[in-house]
Amino acid sequence: SGLRHLIKTRSKLKSRTQQQIKFKFDKVFSPACNQSEIYDSAARPIVSSVLEGFNGTIFAYGQTGSGKTYTMKGIQNLAVQSIFEMSKKM
């Protein structure tokens, strides 16, 4: 009984992985894209809204070694610069 259940479960999982899965993204960045382009497109609007009193989160998700830490360090530096520039205008 237990072995039969295991075989049924595995066969169900296998058929699911063979289905075509589609994902929808707001924006996809080229590998040649620099941190400033990513910041301007994805993070600057969030930083601006935080200064207007809204909550904001910038979250990097992806495969190990894909450059998340490098990209987020650049975004963090640009965000701090923007916060100081925007606060001078307030």
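Source: prediction; values computed, not measured.
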Enclosure of Lys73 NZ (heavy-atom neighbours >12, cutoff 6.0 Å): no

Phe29 atom CZ: more than 12 heavy-atom contacts under 6.0 Å: yes

Step-by-step side-chain contact (heavy atoms from CB on, under 4.5 Å) determination, Arg44 to Val47: CA-CA 5 Å; Arg44 185 180 297 276; Val47 172; 5.6 Å; no

Non-hydrogen side-chain atoms of Asn55 and Val50 separated by less than 4.5 Å: no

Heavy-atom check, side chain of Tyr39 versus side chain of Glu37, under 4.5 Å: no

Closest approach of [X] and [Y], non-hydrogen atoms and distance?
X     : Y     : value
Ala60 : Met72 : CB-CG, 3.6 Å
Met86 : Ser48 : CE-OG, 3.4 Å
Gln63 : Ser66 : O-OG, 2.7 Å
Lys27 : Ser41 : CD-OG, 3.3 Å

Short side-chain to backbone donor-acceptor contact, Thr57 and Phe59, under 3.5 Å: no

Gap between atom [atom2] of [Y] and atom [atom1] of [X] - 0.5 Å precision:
X     : Y     : atom1 : atom2 : value
Asn77 : Ser82 : CG    : OG    : 11.0 Å
Ile38 : Leu78 : CD1   : CG    : 10.0 Å
Glu85 : Leu51 : CD    : CG    : 11.5 Å
Ile58 : Thr71 : CD1   : OG1   : 12.0 Å

